[in-house]
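All chains are named by letter (A, B, ...) in the order of the sequence lines, taking the proteins before the strands, and each is independently numbered beginning at 1.
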Amino acid sequence: MKQYDHTKIEKKWQKQWAKKKLYKTAEPKGDDTAENKKCYILDMFPYPSGEGLHVGHPKGYIATDVYSRFKRMQGFDVLHPMGFDAFGLPAENYAIKNKIHPSVAVQKNIKRYKEQLEIIGFDYDWSREVDTTDPEYYRWTQWIFLQLFKKGLAYESNEPINWCPSCKTGLANEDLEDGKCERCGSVVVKKPIRQWVLRITDYADRLLKDIDVLNWPESIKESQRNWIGRSEGSEIPFTVEFENGGKPGSIPVFTTRADTLFGATALVLSPEHLWVTLATGENHRAVLGNAEEVLRYIVVTKNKTEIERTDAGKEKTGVKLEGVWAINPGTKEKIPIFVADYVLADYGTGAVMMVPAHDERDWEFAKKYNVSIKTVITPDSVGDFSDGKCIVSPGILINSGEFSGITSEEAKNKITESVGGKMVTKYKLRDWVFSRQRYWGEPIPLVHCEKCGVVAVPEKELPVKLPDVKSYEPTGTGESPLATISKWINIKCPQCKGKAKRETNTMPQWAGSSWYYLRYMDPKNKKALVDPKKEKQWAPVDLYVGGTEHATRHLIYARFWHKFLYDIRVVSTTEPFTQLKNQGLIMGEDGRKMSKRFGNVVNPDDVIATYGADTFRVYEMFMGPFEQSIAWSPQNMIGSRRFVERVWKLVGRFTDSRQETVDQKEEVGALEILLNKTIKKVGKDIQGFGFNTAISSIMILLNTMEKTQVSKEQMGILLRLLAPFVPHMAEELWSVLGNKKSIHIASWPAFDATKLVDEKITIAVQINGKVRGQVVVAKDATEDVVKKEAQENPEVVKWLQGQVIKKIIYVEGRVVNIVV
RNA sequence: GCUCGGGUGGCGGAAUUGGUAUACGCGCCAGACUUAAAAUCUGUUGGCCGCAAGGCCGUGUGGGUUCGAUUCCCACCCCGAGCACCA
């Protein structure tokens with residue numbers, strides 16, 4: 001047998017597989033039974049940055065590759081595609097920095113990515129590749145937008161939104177991290193610009209409810225629940241009266257604690273509240289005793305960044321409105337009105353009732369501004385509430401008129417009803433700011449007509465192609481660079497043929513990735529986003545693998561679009577991804593995140609050149625639990641290489657002329673049992689993403705096989721168990737054994753359920769729970785026999801001397817415990 | 001602050017409807033092969049006490065339930081992630 005030359009073998013088989021189109025996706029069989037045997041396995045497709053891949057990126061891809069090969073061998077029709085998410089800021093910034101047009105840069109980076117992926121030996125069906133920047137692809141991204149627009153789910157708005165001064169574009173809430181731009185880390189400011197917004201909040205309830213049925217990691221599900229942030233409460237109107245006899249008005253507040261209404265000693269409005277704007281405006285200014293002061297406060301507030309405003313730790317500020325007061329609808333007492341920036345404008349009604357005795361924020365504010373504090377809840381178990389303490393927990397009502405004595409829970413409904421309020425549900429989720437003032441994105445397919453207003457581009461005119469432009473750098477004016485191309489902008493209105501202009505905003509990075517999994521099912525279709533038959537054949541995605549960073553962005557957006565597409569009958573399932581797995585990061589050797597900054601990045605190309613793709617794959621799958629972050633270790637890589645080489649040598653026995661005889665230390669029958677056990681375990685582990693334990697059990701099998709006489713058939717089983725992990729070597733050795741067809745379309749070995757337990761089993765003997773000896777018995781030994789053997793065991797006898805046996809417990813096949 | 005994960009040898013980790021803790025791999029140590037080294041192969045390897053036989057202690061800490069707890073319950077400590085002035 002020749003030496004193991006990984007480069008030669010890997011190149012050879014990668015070429016062969018491509019030539020024979022081994023991984024071409026099976027076409028739909030068209031019968032009902034076929035549906036049960038499909039398996040759609042999806043990776044989160046990369047955006048091709050200029051950096052190329054580091055060893056952390058392929059970890060998830062290797063896992064899906066192992067899984068898809070396993071499923072194919074089990075006889076499933078497998079769909080395992082790959083593509084590129086190439087619109088968006090990273091690609092554009094790279095292009096700007098390197099002074100290449102984004103489309104050129106993207107194609108270059110895609111090529112590089114593909115090369116890097118190909119040498120790892122993945123089983124992608126490249127004939128289904130998608131590229132979100134391909135007009136034939138984004139035609140359908142635009143089409144989905146138009147359907148949203150037609151259903152009233154896309155609207156134009158001029159509300160202040162998050163603006164990144166460095167990226168020079170508006171951002172969605174999801175694009176912020178601690179008030180900073182997720183991409184560049186700049187502090188985001190609120191800025192009113194014209195924008196397109198999608199009504200994701202219309203789907204908040206369904207997005208929340210359906211989380212329960214998903215087979216996803218608990219942490220991601222929890223993140224989404226937090227993000228959607230449902231809370232049930234009451235909307236209660238507060239009457240407002242003026243000192244100088246103005247007409248009384250009404251301001252609704254939102255509260256989850258209507259039970260504390262009688263303790264509300266002030267009304268607090270956000271600085272952006274419409275009522276405040278009106279009251280300080282030219283016409284009404286006279287009603288306030290201190291309009292100038294209030295205006296000054298509002299200006300100061302608006303100049304603060306989001307971070308400054310929303311930091312819970314900072315001291316609260318506000319200003320009291322003079323000449324006006326509110327009526328507490330419970331007590332009918334006059335209470336002061338404040339404007340304060342701790343009240344968020346865009347949550348609830350932008351107004352809250354201040355209950356200092358039972359809310360810590362209100363408490364803090366009331367102390368500072370001398371608002372009276374009135375306790376109306378007492379903890380239900382103990383009666384000793386003390387005034388001068390903030391009691392946040394619910395309890396029994398006091399000082400609440402007719403409601404005194406009932407519980408908080410009961411009071412919420414009753415009080416709300418009695419003051420003319422209503423029970424409402426609110427969400428933290430905000431509508432999705434969907435336009436970007438940048439070049440490198442899908443043009444929004446709308447037209448602004450002087451007469452007709454906003455008009456959709458007719459579907460047959462899609463795609464609206466992104467025009468070439470000399471300067472694609474962001475303008476910073478709130479307009480996209482497209483606004484400078486008059487030739488492109490000025491068109492006729494599709495409706496009235498009059499003068500009209502194109503919409504110049506582009507879509508955010510997340511648009512293309514919100515539906516790409518559908519396109520893989522039918523990538524070449526020119527007539528529809530996806531053929532309904534093909535959609536039925538493949539949907540939903542059975543397994544989706546990617547990083548946790550997408551928990552509240554991509555994974556929420558995609559679920560939203562999917563549900564919308566379900567409503568307009570483009571897709572047949574209510575959820576896109578039934579099962580989700582997150583790969584843990586591969587950290588640098590130093591334990592820090594891999595980054596150019598730390599100089600701890602490992603390039604997969606180098607690793608593969610030295611050790612081979614098969615070893616690399618084994619190492620990444622064996623290094624620890626898939627979902628866990630673990631540091632890269634060149635030391636441990638050597639262990640994986642050893643393992644791979646030992647397999648090579650083992651098969652060498654069948655080709656070497658000497659037919660090397662084995663010093664047979666293990667029983668042949670025992671090997672048969674171990675093989676069966678291993679087949680069962682490896683299958684179960686791959687299915688459950690326990691790749692590290694699957695490999696360890698194959699290692700145990702290999703250790704035994706090396707010491708035993710092994711038949712060709714048994715060797716074939718070993719190779720098939722290994723095939724998903726080391727596809728090149730398994731293929732090579734499989735052909736060495738004389739097989740003509742590829743191992744990757746061979747059937748996964750079956751195990752014999754009657755041969756899973758050894759003839760003799762070892763049972764531990766405990767005395768009072770401490771292991772004192774072991775007995776070996778036949779596998780079908782009865783309880784009495786085992787108990788008798790246990791008591792006769794010399795080790796045990798020693799411990800039993802002078803003791804009285806109270807009880808003997810036998811756990812079948814495991815342990816005997818003698819209680820003395 | 002709230003929510004969700006997680007804490008096991010020198011290291012990555014294995015084992016939970018409660019049943020022999022430390023599988024597998026790395027490293028270390030010893031041996032074989034070699035002039036020598038590397039590679040490879042074989043063996044040992046949780047801690048403490050002991051010449052040994054053997055014993056005691058051990059899954060973040062402290063309690064509890066149980067014949068038996070890494071696993072279940074209570075309290076606490078630490079690490080990671082998400083959310084956070086959301087009324």
Looking at Val820(A), Val819(A), Val816(A), which one forms a side chain to side chain contact (heavy atoms under 4.5 Å, CB included) with Ile767(A)? Val820(A)
With no hydrogens and no angle check, do the side chains of Asp685(A) and Thr693(A) hold a donor and an acceptor under 3.5 Å apart? yes
Quick one: is the NZ or CZ of Lys59(A) closer than 6.0 Å to the six-membered ring centre of Phe626(A), and within 45° of its axis? yes
Once you apply a heavy-atom cut-off of 4.0 Å, does Trp648(A) come out as touching a base, just sugar-phosphate, or nothing? nothing
Does G9(B) sit syn or anti, given that only angles within 90° of 0 count as syn? syn
Please classify the nucleic acid contact of Arg772(A) as base, sugar-phosphate, or nothing, using heavy-atom distances under 4.0 Å. sugar-phosphate
Treat a base pair as Watson-Crick or G-U wobble with both distances under 3.5 Å, then lay out RNA chain B in dot-bracket form, 5' to 3', with | for cross-strand pairs. (((((((..(((......[....)))(.((((.......)))).)((((....))))..(((((..]....))))))))))))....
Passing candidate, side chain to side chain contact (heavy atoms under 4.5 Å, CB included) with Leu718(A), options Leu675(A), Leu701(A), Val651(A): Leu701(A)
Check nucleotides 1-3 of chain B against the protein and report each pair of N or O atoms closer than 3.5 Å, with its distance, or say if there are none.
| unit_1 | atom_1 | unit_2 | atom_2 | d |
| --- | --- | --- | --- | --- |
| U3(B) | O2' | Glu222(A) | OE2 | 2.8 |

Using the P atom in both, what is the distance from G62(B) to C26(B), to the nearest Å? 35 Å
Looking only at atom types and distance, does a side-chain atom of Arg772(A) sit under 3.5 Å from a main-chain N or O of Val796(A), one as donor and one as acceptor? no
Can you tell me which nucleotide in A14(B), A87(B), U40(B) comes closest to the side chain of Lys649(A)? U40(B)
Assess whether ring pair (Phe, Tyr, Trp, His ring centres under 6.0 Å) is satisfied between Phe643(A) and Phe622(A), documenting all intermediate values. CA-CA 11 Å; Phe643(A) 168 65; Phe622(A) 185 61; 7.8 Å; no
Checking A14(B), A84(B), U20(B) against the side chain of Thr762(A) (C-beta onward), the nearest is U20(B)
5′-ward residue of the pair Thr317(A)/Ile630(A) relative to RNA chain B: Ile630(A)
Under the rule for salt bridge (Lys or Arg N to Asp or Glu O under 4.0 Å), what residues qualify as partners of Lys684(A), not counting sequence neighbours? none
Show, in sequence, the C-alpha distance, side-chain angles and deciding distance for Val433(A) and Asn162(A), and conclude whether the side-chain contact (heavy atoms from CB on, under 4.5 Å) test is met. CA-CA 9 Å; Val433(A) 173; Asn162(A) 305 302; over 6 Å; no
Most 5' of Trp227(A) and Ala345(A) on RNA chain B, judged by nearest nucleotide: Trp227(A)
Atom-pair distance (CZ on Arg553(A); C1' on C83(B)), nearest Å: 13 Å
Please check this pair: side chain of Tyr619(A) against backbone of Arg641(A), looking for a donor-acceptor N/O pair closer than 3.5 Å. no
The criterion is ring-ring contact (aromatic ring centres under 6.0 Å, His included); which residues satisfy it with Tyr810(A), sequence neighbours excluded? none
By the 4.0 Å heavy-atom rule, please label Pro217(A) as base, sugar-phosphate, or nothing. nothing
Extract from the structure each pairing of a protein N or O with an N or O of nucleotides 24-27 of chain B at less than 3.5 Å, listing the distance.
| unit_1 | atom_1 | unit_2 | atom_2 | d |
| --- | --- | --- | --- | --- |
| G25(B) | OP1 | Asn703(A) | ND2 | 3.4 |
| C26(B) | OP1 | Arg642(A) | NH1 | 2.5 |
| C26(B) | O2' | Asn636(A) | OD1 | 2.9 |
| G27(B) | OP1 | Gln635(A) | OE1 | 3.2 |
| G27(B) | OP2 | Arg642(A) | NH1 | 3.4 |

By the 4.0 Å heavy-atom rule, please label Val765(A) as base, sugar-phosphate, or nothing. nothing
A30(B) and A21(B), which share atom name P, separated by this distance in whole Å: 31 Å
Using the P atom on both, measure A23(B) against C77(B) and round to a whole Å. 34 Å
Would Tyr557(A) and Glu174(A) count as having a side-chain donor-acceptor pair, cut-off 3.5 Å? yes
Can you measure Gln3(A) atom CD to A39(B) atom C1' for me and round it to whole angstrom units? 10 Å
For Glu812(A) and G19(B), give me the distance from atom CD to atom P, rounded to whole Å. 15 Å
C1' spacing across the pair U71(B) / G19(B), given as an integer number of angstrom: 11 Å
Looking only at side-chain N and O atoms, does Tyr342(A) come under 4.0 Å of OP1 or OP2 in A87(B)? no
For the pair made of NE2 in His554(A) and P in G82(B), what is the distance, rounded to whole Å? 18 Å
Do Trp632(A) and Asn600(A) meet the criterion of a side-chain donor-acceptor pair at a distance under 3.5 Å? no
How close or far is atom C1' of G55(B) from atom CD of Glu795(A), stated in whole angstroms? 12 Å
C1' atom, G47(B) versus U8(B): distance in rounded Å? 14 Å
Spacing between Met587(A) atom CE and C11(B) atom P, to the nearest angstrom: 18 Å
Give each protein N/O atom lying under 3.5 Å from an N/O atom of nucleotides 64-68 of chain B, with the pair distance.
| unit_1 | atom_1 | unit_2 | atom_2 | d |
| --- | --- | --- | --- | --- |
| C67(B) | O2' | Asn817(A) | ND2 | 3.4 |
| C67(B) | O2 | Asn817(A) | ND2 | 2.3 |

Classify the nucleic acid contact of Glu645(A) as base, sugar-phosphate or nothing, counting any heavy atom under 4.0 Å across all strands shown. nothing
Closest non-hydrogen atom pair between Lys320(A) and Pro336(A), with its separation: CE-CB, 3.5 Å
When you measure from the side chain of Arg257(A) to the backbone of Ser408(A), do you find a donor-acceptor pair of N or O atoms at a distance under 3.5 Å? no
When the P atoms of C78(B) and U70(B) are considered, how many whole Å apart are they? 24 Å
Do the side chain of Asp362(A) and the main chain of Val355(A) share a donor and acceptor less than 3.5 angstrom apart? yes
What is the distance, to the nearest angstrom, from the CD1 atom on Ile236(A) to the C1' atom on A87(B)? 12 Å
Which whole number of Å gives the distance between the C1' atom of G46(B) and that of C41(B)? 27 Å
Under 4.0 Å, counting only non-hydrogen atoms across every strand here, what does Asp362(A) touch: a base, just sugar-phosphate, or nothing? nothing
Trp216(A) atom CH2 is separated from G82(B) atom C1', nearest whole Å, by 15 Å
Using the P atom in both, what is the distance from G82(B) to C28(B), to the nearest Å? 37 Å
Under a 3.5 Å cutoff, is there a donor and acceptor pairing between the side chains of Ser231(A) and Tyr347(A)? yes
